[in-house]
Amino acid sequence: MAKHQFQTEIGQLLKLMTHSLYSNKEIFIRELISNASDALDKFNYLSLTDEKFKEENWSGKISIKLDKDDNSLTIGDNGIGMNEEDLMDNLGTIAKSGTKAFMENLTGDAKKDSNLIGQFGVGFYSVFMVAEKVDVISKKAGEEQAYMFSTDGTGEYEVKPVTKDEHGTVIYIKLKEDEKEFLDKWRVQEVVKKYSNHIAYPIILNYTEEETTGEGDEKETKTVQKSEQINEATALWTLPKSELKEEDYIEFYKTISHGDDEPLTYLHNKVEGANEFTTLFYIPKKAPMDLYRADYQPGVKLYVKRVFITDDDKELLPPYLRFVRGIIDSEDLPLNVSRELLQENRILANIKQNSVKKILGAIKKLDSEKMEIFTEQYNRVIKEGIYTDHTNKETLLGIVRYKSSSEEGMVSLDDYISRGDSEKKEIYYIVGADEKVLRNSPLLEAYKKANIEVLIMDDEEVDSIVAPMIGSYKEWTFKDITTIDAPDSKTEEEKEEISKEFKPLTDKIKEVLGDEVKEVKISTRLTESPSCVIKDASDPMAGMAAMFAQMGQEMPEIPLILEINPEHEMIKKLDKVEDESLFNDLSWILLDSAKLSEGLEPKDKGAFAHRVASLATKAL
Ligand SMILES: Nc1ncnc2c1ncn2[C@@H]1O[C@H](COP(=O)(O)OP(=O)(O)OP(=O)(O)O)[C@@H](O)[C@H]1O
C-alpha cells in the first residue's frame, strides 16, 4: 500500500485542525454534507445530459450513519465519486487559490487564526477537529474500480483499491474519544437542521435505538435499526420569501461560504415574465482572500431548473462583483447549455444585467454602519466597476467613497455635492500615493482658504486611472486640482498686472532652472507656501498618463510648471537678491521643496541637501 505525504500547506492545516482552533467543531458535518451535495449536483447534471449516465431510478441522497459501538460516524452520497487520482489531487493537495496567502497569514494567535479559518473555509479538513482516523471510500461514476483514501491526519495518507457497488463517496470517521456527542441522534439532527436543512437532497439519518416490548416477564429490549429523513430537502432559493426567516438565509450562507461569518447583506429575487429566474445573492462581510488574484474562484453557482450547471463561470457577474456569493437558477436556459457558449447566451445576459442592478441597488440601500464595512472591503473593486461598467457607472458613483479635505472619514459624492457650489457644479480632487502628502499639498491651500472641499484620492494605483475618466456625476464635473487654475478672488486684470510686475523675477528663475520646468509663473493658489509645482494640463502626455499606467508602463514625464507665491516673504526678498549664486540656490530650493510637497523627488537630492545646509549656515 502506497504511503503519501500531504502537501506542506495541508500538513499545516491538519495541525491546526487537530489542535482545533476552531471553536465550532460541529461545522465538519456541514462541510461534508456540502461536499456530498456538490457531488450529487455534478452527477445529477450528467444523468440528465449524458446518455452514458442515464440511470434508471437514480435519485440523489446523503446518508449519515451513527455507530455507538464503533464510535464512528459515516457520511455517504451516491454522487459523482472520485477515482485514485481525484482522491490524491482533491484531498492530498489544495489547489485552491489563496491557500498560500492564507497560510502566510496565520500567526499562532489562536483567536485570530480561527477567524481566518472561518473566512478561508476549510472544507474536508475540518473533519480532523473530531476524527482520530478517516477513510474516504469512493467510486467515480462510469469507472469500475473503487479506492480508499485513509489518514489519521498526521501528515501521511494511503490510497488503495477496494470494492464498492455504487458510485459515490462514503466517509468513515472514527471519532476521538471526547467527541462522542456526534454519535447522539439529537445532536446530529440539530446540526443538520441548522446548516443543511435546505440542501436540495434528502439527508437520511441511520441510527440504532433500544426498544422495549411486552410487560412483566415478557418484557424484551431490542436494539433496532432506524432510519429517517432529517432535512427538508428543498433548495432554499426555491422557497417563497415569506416562508424564510433571516436565520434561514444566514445558515444557508454559512453552508455556501464554508465560513462562520454572517453576510453583510443578502437579496433574494424571483423574476417572472418573458424570462424566469431566481437569484439569491450574498455580500460577505469580509472580502474573499483571492479578491485581487487573477485566478480567483467565482462565487456564484448557476442552476437550470434546480439542476446545478457550473460554479466556475467568471461571466455570470461582471468581474468587479467577484466578491458576491450566491445562486442563479434559470427556468429558461436549456439544461445542456454548453458552458463555453454561456457568455453569448441572451437569456444569461439578461439575467446578468438584472442581477447587477439588484446587487448595486442592495448596496446603495445599506445603512451607514454596513456601508462603512462595505467601503473598507470593496471600495477598490467599485472603482474598477466605474472604469469598466458604463451602463452602471452613475449607480457605482453613488456607492464609491473618498477621503475629503474637509470631512472626517469617507464621503459619498452625493454628500460632496450637497455641500458644494451648485452653480459651478464641480467636484475637485487630488490624486497621490500618500494621504499626508496630499493633505499638506500647497495646491490645497487656496481651496482651504476658499472653504472648498477637495476629494483626497490616495489609492494612487487605482485612482490615477479611474478618476480622470469619470468625467461627471449628476452633471457635476470632476476637476483635478493639479491641472486647473485655483479658485481665487482676483480678477483677470489684477492677475495680469501681478504677472507683469514679477516677470523679471519669473524669467530669471526660469533661466536658472532651464529645462527642468516648462514655465515659471506667479501663483494665486498659494497662501502659506512660497512655491508649488503643477502638471501642465495642456501637454498631450498628461491625458495619456492614465493609459500608460493602465498598461503597466512607466508614466512618461509630464513637464512641470513652477508657481511662486508673490505674497510670500521669501519671494519678496528673492526679488532683491543680487548675489548670483545665492539666487541660483534659492531658485532650485523653490523647485525642489515644491516637488517634495507633492511627493515627487528632487532631480539631484544631494545638491538639494547641500544647498539647504549652506543656506542654513548662512542664516546662523
Ligand atoms: N463527497 C465527495 N464526492 C466527490 N468529491 C468530493 C467529495 N468531497 C470532496 N470532494 C472533492 O474534494 C475537493 C476538496 O474538498 P474540500 O471540501 O476540501 O474543498 P472544496 O469543497 O473544494 O472547497 P470549499 O470547501 O471551500 O468549497 C472538492 O472540491 C471535491 O472535488
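When a ligand or atom number is given, it counts from 1 through the structure's own listing order. Only a predicted model underlies this, so the values are computations on that prediction, with no experimental measurement involved.
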Peer 1: Short list, please: which atoms of ligand 1 are under 4.0 Å from a heavy atom of Glu31?
Peer 2: 25 (O)
Peer 1: Between Arg380 and Tyr292, is NZ or CZ placed under 6.0 angstrom from the six-membered ring centre and within 45° of the ring axis?
Peer 2: yes
Peer 1: Minimum distance, heavy atoms only, to atom 4 (C) of ligand 1: which one of Ser126, Ala36, Ala39 is it?
Peer 2: Ala39
Peer 1: Is the backbone N or O of Asn231 less than 3.5 Å from a side-chain atom of Gln229, with the two atoms forming a donor-acceptor pair by type?
Peer 2: yes
Peer 1: Whether Glu179 and Lys25 form a salt bridge (side-chain N of Lys/Arg under 4.0 Å from carboxylate O of Asp/Glu) is what I want to check.
Peer 2: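 Yes, Lys25 and Glu179 are salt-bridged.
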Peer 1: Backbone or side chain, does any N or O of Asp77 fall under 3.5 Å from an N or O of ligand 1?
Peer 2: yes
Peer 1: Not counting sequence neighbours, which residues clear side-chain hydrogen bond (donor to acceptor under 3.5 Å, both in side chains) with Lys194? List them please.
Peer 2: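 Partners of Lys194 under the side-chain hydrogen bond (donor to acceptor under 3.5 Å, both in side chains) test: Glu26.
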Peer 1: Cation-pi check, Lys270 to Phe277: give yes when NZ or CZ is under 6.0 Å from the six-membered ring centre and within 45° of the ring axis, no otherwise.
Peer 2: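 Geometry flag: not set, cation outside 6.0 Å or 45°.
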Peer 1: Does Asp38 approach ligand 1 within less than 4.0 angstrom via side chain, backbone, both or neither, non-hydrogen atoms only?
Peer 2: neither
Peer 1: Which ligand 1 atoms are under 4.0 Å away from a heavy-atom of Met82?
Peer 2: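 It comes down to these atoms of ligand 1: 4 (C), 5 (N), 6 (C), 7 (C), 10 (N), 11 (C).
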Peer 1: List for me each residue that meets side-chain hydrogen bond (donor to acceptor under 3.5 Å, both in side chains) alongside Glu132, sequence neighbours excluded, and say none if there are none.
Peer 2: none
Peer 1: Just to verify, which of Gln353, Lys352, Glu384 counts as forming a side chain to side chain contact (heavy atoms under 4.5 Å, CB included) with Pro318?
Peer 2: Lys352
Peer 1: With nothing but distance in play, are any N or O atoms of Tyr125 less than 3.5 Å from an N or O of ligand 1?
Peer 2: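 No; every N/O pair is 3.5 Å or more apart.
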Peer 1: May I ask you to check whether Phe124 has an N/O atom sitting below 3.5 Å from an N/O atom of ligand 1?
Peer 2: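 It does: an N or O of Phe124 is found under 3.5 Å from an N or O of ligand 1.
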Peer 1: For ligand 1, is any non-hydrogen atom under 4.0 Å from Asn90's backbone (N, CA, C, O), its side chain (CB onward), both, or neither?
Peer 2: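 Looking at Asn90 and ligand 1, atoms from backbone and side chain both fall under 4.0 Å.
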Peer 1: Between Ile171 and ligand 1, which part of the residue brings a heavy atom under 4.0 Å of the ligand: side chain, backbone, both or neither?
Peer 2: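 Neither part.
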